[in-house]
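Here's the structure, in structure tokens; my notes come after.
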There are 2 protein chains.
Amino acid sequence: MATARTAAADGTGRQPRARPTQQERSDATVEDLLAAARALFATAGYAATSLDAVCERAGVTKGALYHHFAGKKQLFSAVYTREQERLAARISSAYLAVAADPWEAVFEGSRAYLEASLDPEVQRITLFDAPGALGWEAMRDLGVNCRELTYKGIARAIRKGAIPDRPADPLTSMLYGGLSESAMAVVRAADPQAALAEALTDLRRLFDALAAGS
Amino acid sequence: MATARTAAADGTGRQPRARPTQQERSDATVEDLLAAARALFATAGYAATSLDAVCERAGVTKGALYHHFAGKKQLFSAVYTREQERLAARISSAYLAVAADPWEAVFEGSRAYLEASLDPEVQRITLFDAPGALGWEAMRDLGVNCRELTYKGIARAIRKGAIPDRPADPLTSMLYGGLSESAMAVVRAADPQAALAEALTDLRRLFDALAAGS
DNA sequence: GACAGAAACATACTGACGGTATGAAACATA
DNA sequence: TATGTTTCATACCGTCAGTATGTTTCTGTC
């Protein structure tokens, strides 16, 4: 019987070819591993997720995993990076929609970050496990991260005179950390819907107060 | 030769008696375990700390550890609880010193929390490892925790009219999370001293703005 | 003070998991 | 087609959290 490796003569070129190139093979494996890892890390958490489980779900063995990743920590780092990129995309999108008003843009970016961080899976990866598993330095040195975006938005708002002049770093920490904690609190509130509404209302007041400050 | 169990006839009663009571034995062992665990958790981190290492440092075996604690997680929980109690004591002290002014008291409490959280060992336990190891619910249900103190302070400031009326929860999250993130950023700044000064200056402005808000 | 029972610990062991070593299969290049 | 490299599979090791069981130390009672 044929071993099912019949060539797909479709026009898309997206189905696996009869003889996939090494790059394609590699990419597919990495993709499978990342998807499996993300699913398990997001639900069971970093510590409770075994690499064997990841490999089984991805349909490969540890040989493949350790060929593409240096270890569990680096695998998680890759998952975390992707998550940050997805979050950053949402933030940027919300920010750019009202970029004409520098301070309002920061508000919309903050709202986007808060709402995106309500997903328990996102929380588990980015807020609970990442600090302990990666450390602060590794989280910062990722190229794309949401804290950096927050900083840039605030710095721009200051440059444009939308809020009183000040160093941008302290406010960045307060806002970014505050939003992260808010996200954790909101989803665990008795009424998450109401809690989110309250959080956004308060965030609005906070932004207004900051803009009005001397 | 005598087995060195000569009774200490000192007046203090603090030295180990010739026949220590079970309570004393227990307490001493628990104390040794907690001290050893806190030292290792604070430096190497939760995951990198083995219970064997804790036992060796404490001068006991795993039999003793598992007699007093249900497992690694619970041991860490006990260490974390102590840390929170210490922090809460510092916060309360700073708060009460200026309790007459409800909002200023919250500021002083916040400053105390921020400054206390600059210690890398405190950070490692309370900010990096605790969320992943304990989870949010377990961190909240501790009886004594700093977030609760923040909430009470803010709620009181609202009741007393020191800041505009609003629900206390959202602001609690923003402030507590912001301070935590600030502590992590400050100690990793190029010039921590200057970063702390900037953070406190900005915190002052934030408090003024919140008090002035409509 | 002898003794039964319980509390406080010690010792030996197991299973699971992260990581490594080594070899085979798939692909690339000539 | 032959050779080297990439990609992965398999077998194995060390470590560590947790358990099972035995031993010592204390407590209450006669």
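Proteins get letters first, then strands, A, B, ... in listed order; numbering begins at 1 in each. These values consider heavy atoms only, across backbone and side chains, with no hydrogens, waters or symmetry-generated copies.
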Starting at the 5' end of DNA chain C, write a dot or bracket for each base, bracketing those in Watson-Crick or G-U wobble pairs whose two distances are under 3.5 Å and using | for partners on another strand.
||||||||||||||||||||||||||||||

Under 3.5 Å donor-acceptor pairs involving side-chain atoms of residues 61-79 of chain A, not counting sequence neighbours:
from, atom 1, to, atom 2, distance (Å)
Lys72(A), NZ, Tyr46(A), O, 3.0
Lys72(A), NZ, Thr49(A), O, 2.9
Gln74(A), OE1, Ala70(A), N, 3.4

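- The side-chain hydrogen bond (donor to acceptor under 3.5 Å, both in side chains) test with Tyr95(A) singles out one residue from Glu108(A), Glu104(A), Arg156(A), and that residue is Arg156(A).
- Judged by distance alone, with hydrogens and angles left aside, the side-chain atoms of Glu24(B) form a donor-acceptor pair with the main-chain N or O of Thr21(B) at under 3.5 Å.
- One can place NZ of Lys72(A) at 9 Å from P of dC17(C), the figure rounded to the nearest angstrom.
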Just do the side-chain contact (heavy atoms from CB on, under 4.5 Å) check on Arg82(A) and Ile125(A) with the steps written out, would you?
CA-CA 11 Å; Arg82(A) 279 203 168 186; Ile125(A) 294 174; over 6 Å; no

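- Thr29(B) has a side-chain polar atom (N or O) that falls below the 4.0 Å cut-off from OP1 or OP2 of dC9(C).
- Within the 4.5 Å cutoff, no side-chain heavy atoms of Asp32(B) are placed close to those of Arg57(B).
- Rounding to the nearest 0.5 Å places CG of Leu118(A) at 12.0 Å from CE of Met184(A).
- Using a 4.0 Å cutoff on non-hydrogen atoms, no part of residues 36-53 of chain B comes near DNA chain C.
- When side chains are defined from C-beta on, Val187(A) does not count as touching Pro192(A), because their heavy atoms never get closer than 4.5 Å.
- By the 4.0 Å N-to-carboxylate-O rule, Glu83(A) lies close enough to Arg86(A) to be salt-bridged with it.
- In this structure, Glu56(A) atom CD and dT10(D) atom P are separated by 13 Å, rounded to whole Å.
- Residue pairs that meet the salt bridge (Lys or Arg N to Asp or Glu O under 4.0 Å) test with at least one member in residues 172-190 of chain B, sequence neighbours left out, are Glu137(A)-Arg188(B), Arg147(A)-Glu181(B).
- For the pair Gln23(B) and Gly71(B), both in contact range of DNA chain D, the more 5′-proximal nearest nucleotide belongs to Gly71(B).
- Of the residues in residues 73-80 of chain B, none has a non-hydrogen atom less than 4.0 angstrom from any atom of DNA chain C.
- Here the C1' atom of nucleotide dA9(D) and the CZ atom of Arg25(A) are 11 Å apart, to the nearest Å.
- In this structure, CZ in Arg111(A) is found 5.5 Å from CG in Leu200(A), a value given to the nearest 0.5 Å.
- Close to dC26(D), at under 4.0 Å from its OP1 or OP2, lies no side-chain N or O of Thr21(B).
- Atom CG of Asp27(A) and atom C1' of dT6(D) are 13 Å apart (whole Å).
- We find the CG-CZ distance between Leu175(A) and Phe207(A) to be 5.0 Å, quoted to the nearest 0.5 Å.
- Salt bridge annotation for Glu148(B)-Arg140(B): absent, with no cationic side-chain nitrogen under 4.0 angstrom from a carboxylate oxygen.
- A cation-pi arrangement is not found for Arg90(A) relative to Tyr113(A), the charged atom failing to lie both closer than 6.0 Å to the ring centre and inside a 45° cone about the ring normal.
- For residues 58-70 of chain A, proximity to DNA chain C is found at Lys62(A), Tyr66(A), defined as any non-hydrogen atom under 4.0 angstrom from a strand atom.
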